[in-house]
Amino acid sequence: SITGLEYAKITYGPVPDGFNNIINECIVEGIIDYDVEYINDYENHNIHGRVDVDYNVFNEDELEAINKVNSFFKDFKSKDVVKFSHEEKAFTETEFSKSISYDYAFDIDRIV
């Protein structure tokens, strides 16, 4: 994990433990804008960065992982990411709202 956070299984996929606290802190600190919009039967949570990312805080391996994931998912819509995450062993083998074991990280082989 680049973040060092635990992730839990929820409806739309894995999320960092304390996700709402993280989002709220980022809003208070002026790091992101966050809004929810409702379109037909969909609830869209929009997060937009307000500051430039300091890539110097990441080591080479972390940057490689970030770039791999970014490249792999670049053309995915949010529903595609949800579907993808729901097909992963880490998701299918974990009970709802429980922490996902990092042991499953070695089973992720579709992101190249």
Side-chain angles (χ1 to χ4, degrees):
S1 167
I2 292 171
T3 63
L5 299 172
E6 285 191 32
Y7 286 74
K9 176 181 178 173
I10 64 165
T11 304
Y12 296 112
V15 295
D17 189 36
F19 172 77
N20 289 329
N21 293 336
I22 295 167
I23 292 296
N24 289 334
E25 184 66 23
C26 288
I27 293 167
V28 168
E29 294 292 323
I31 296 169
I32 63 168
D33 288 322
Y34 178 83
D35 66 90
V36 179
E37 64 179 335
Y38 300 93
I39 303 172
N40 299 323
D41 293 334
Y42 293 97
E43 183 177 299
N44 294 323
H45 294 250
N46 303 306
I47 301 172
H48 302 279
R50 298 185 68 199
V51 297
D52 292 333
V53 175
D54 179 5
Y55 289 99
N56 294 316
V57 300
F58 302 106
N59 67 36
E60 221 173 286
D61 291 337
E62 292 168 336
L63 286 171
E64 183 181 339
I66 291 167
N67 289 330
K68 254 186 197 179
V69 170
N70 190 36
S71 176
F72 184 85
F73 288 109
K74 71 179 188 243
D75 295 323
F76 278 50
K77 304 275 188 232
S78 57
K79 66 180 180 178
D80 301 324
V81 175
V82 169
K83 182 179 182 306
F84 184 92
S85 72
H86 286 192
E87 294 168 351
E88 289 295 320
K89 188 175 182 180
F91 196 82
T92 61
E93 299 288 321
T94 301
E95 291 182 47
F96 189 78
S97 80
K98 299 292 184 189
S99 292
I100 298 170
S101 171
Y102 274 108
D103 292 341
Y104 291 114
F106 301 103
D107 295 326
I108 301 172
D109 56 6
R110 297 187 294 163
I111 300 176
V112 288

Connected via hydrophobic side-chain network under 4.5 Å: Ile32 and Val51: yes
Co-members of the apolar cluster containing Phe106 [side chain, <4.5 Å]: none
Summary of salt bridge (Lys or Arg N to Asp or Glu O under 4.0 Å) pairs that have at least one residue in residues 8-26, sequence neighbours excluded: none
Side-chain heavy atoms of Val36 within contact of Asn44, under 4.5 Å: no
Leu5: partners by side-chain contact (heavy atoms from CB on, under 4.5 Å), with sequence neighbours left out: Thr3, Tyr7, Pro16, Ile22
Partner residues of Asn56 under the side-chain hydrogen bond (donor to acceptor under 3.5 Å, both in side chains) criterion, sequence neighbours left out: Asp54
Sequence neighbours left out, cut at 3.5 Å: what donor-acceptor pairs do the side chains of residues 70-82 make with other protein atoms?
unit_1 : atom_1 : unit_2 : atom_2 : d
Asp80  : OD2    : Lys77  : N      : 3.0

Pairs meeting criterion ring-ring contact (aromatic ring centres under 6.0 Å, His included) with involvement of residues 9-55, two or more places apart: Tyr34-His45
Apart from Ile100 itself, residues in the same hydrophobic cluster as defined by side-chain heavy atoms under 4.5 Å: Tyr104
Contacts of Glu29 that satisfy salt bridge (Lys or Arg N to Asp or Glu O under 4.0 Å) - sequence neighbours left out: none
Asp35: partners by side-chain hydrogen bond (donor to acceptor under 3.5 Å, both in side chains), with sequence neighbours left out: Asn46
Pair listing, side chain to side chain donor-acceptor pair (under 3.5 Å) test, anchored in residues 90-100, at least two apart: Glu6-Ser99
Salt bridge (Lys or Arg N to Asp or Glu O under 4.0 Å) pairs, two or more places apart, involving residues 42-51: Asp33-Arg50
ILVMFWY network linking Phe96 to Phe91, side-chain heavy atoms under 4.5 angstrom: no
Leu63-Val57 co-clustered via ILVMFWY side chain contacts under 4.5 Å: yes
Qualifying residues under salt bridge (Lys or Arg N to Asp or Glu O under 4.0 Å), relative to Lys89, sequence neighbours excluded: none
